[in-house]
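Here the structure is a predicted model, which means the values were calculated and not measured. Order of listing sets the numbers, starting from 1, for every ligand and every atom in it. Residue numbers run from 1 in the order of the sequence given. FYI, side chains are in, hydrogens and waters are out, and symmetry mates aren't considered; it's all heavy atoms of this structure.
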Amino acid sequence: MTRQTLIAGNWKMNGDSQFIGELMSDIKGRLDSDWQHQILVSVPSLYLTKVKELAADTNIAVGAQNLSQQSNGAFTGEISGSMLADVNCQYVLVGHSERRSLYGESSTIVAEKYQAALDNDVVPVLCIGETLEEREAGTTMTIVKGQLDAVIEKSGIESIAQGVIAYEPVWAIGTGKTATPEQAQEVHAEIRAHLAQFDVDVAEQTQILYGGSMNPTNAEQLLAQADIDGGLIGGASLKAEQFIAICKAAG
Ligand code: 13P
């Protein structure tokens with residue numbers, strides 16, 4: 001089967017109303033009307049409603065960057081899956097490396113968040129990836145499989161096909177150091193092989209995105225790899241020209 005290509009932006013904690021208005025109109029202005037691929041922007045939660053409105057006449061999907069693993073209650077400052085669904089948020093990133101490293105999100109918490117998203121029909125984008133030390137120690141696949149297995153153990157292998165996986169080597173995020181197409185393809189293929197040990201159909205269906213310093217120059221080669229089904233783009237997603245150039249590099 002052919003998996004659809006998904007080009008996803010992660011704006012992280014950037015922008016304000018004016019910037020976001022300009023960015024969205026610039027993106028829309030550069031998009032071809034017969035666009036084939038899926039496009040997603042993951043925005044600060046405060047601006048979900050605004051971006052949904054700005055994207056209303058397009059097929060750009062809108063996502064959040066985090067959610068609570070709890071469904072409601074005394075969790076000051078948190079945002080639940082049902083709240084995301086309430087504002088028609090379609091996707092949510094879970095387990096981004098910045099959440100894991102800066103906010104102490106363990107793989108157990110990430111798995112709970114993944115399930116919370118599914119419970120509310122919001123598509124979780126599960127971010128996984130190794131640090132430089134882990135790569136140099138030769139433990140990349142142990143780390144990545146462990147991050148995947150936490151979700152599989154909690155929610156079952158079928159749940160993986162209901163979400164999206166984003167392989168983001170930590171050492172490539174925001175560093176300008178991209179994994180080579182061969183390095184990325186190798187890990188993507190191993191992730192798919194790992195999923196296939198549980199369920200061949202799930203392995204075939206699941207979109208696996210690459211993230212980490214993707215830009216208009218390196219995108220074409222990365223996106224041409226057999227097991228790379230799209231990109232999760234940080235810095236370059238804040239510039240419409242670059243983001244759309246990456247979308248076009250997907251062919
Ligand atoms: P950069 O594209 O800025 O490296 O960020 C990648 C990322 O973290 C996307 O989630």
Is a side-chain donor-acceptor pair under 3.5 Å present for [Y] with [X]?
| X | Y | result |
| --- | --- | --- |
| His96 | Asn66 | no |
| Lys145 | Gln197 | no |
| Gln38 | Gln207 | yes |
| Thr131 | Glu134 | yes |
| Gln115 | Asp119 | yes |
| Asn218 | Thr178 | yes |

Contact atoms of ligand 1, heavy-atom distance to [X] under 4.0 Å:
| X | result |
| --- | --- |
| Gly235 | 1 (P), 2 (O), 3 (O) |
| Gly174 | 1 (P), 3 (O), 4 (O) |
| Ser213 | 1 (P), 2 (O), 4 (O) |
| Leu232 | 9 (C), 10 (O) |

> Can an N or O of Thr175 be found at a distance shorter than 3.5 Å from an N or O of ligand 1?
Replying inline: no

> Where the side chain of Lys28 meets the backbone of Leu54, is there a donor-acceptor pair that is under 3.5 Å apart?
Replying inline: yes

> Which is closest to atom 2 (O) of ligand 1 in terms of heavy atoms, Ala236, Cys127, Gly234?
Replying inline: Gly234

> Out of Glu168, Lys12, Met214, who gets a non-hydrogen atom closest to atom 5 (O) of ligand 1?
Replying inline: Lys12

> Measuring from the heavy atoms of Gly211, does anything fall under 4.0 Å of ligand 1?
Replying inline: no

> What do you reckon, does Ala172 put a non-hydrogen atom under 4.0 Å from ligand 1?
Replying inline: yes

> Of the backbone atoms (N, CA, C, O) and the side-chain heavy atoms from C-beta on, which set of Ile173 has a member under 4.0 Å from an atom of ligand 1: side chain, backbone, both, or neither?
Replying inline: both

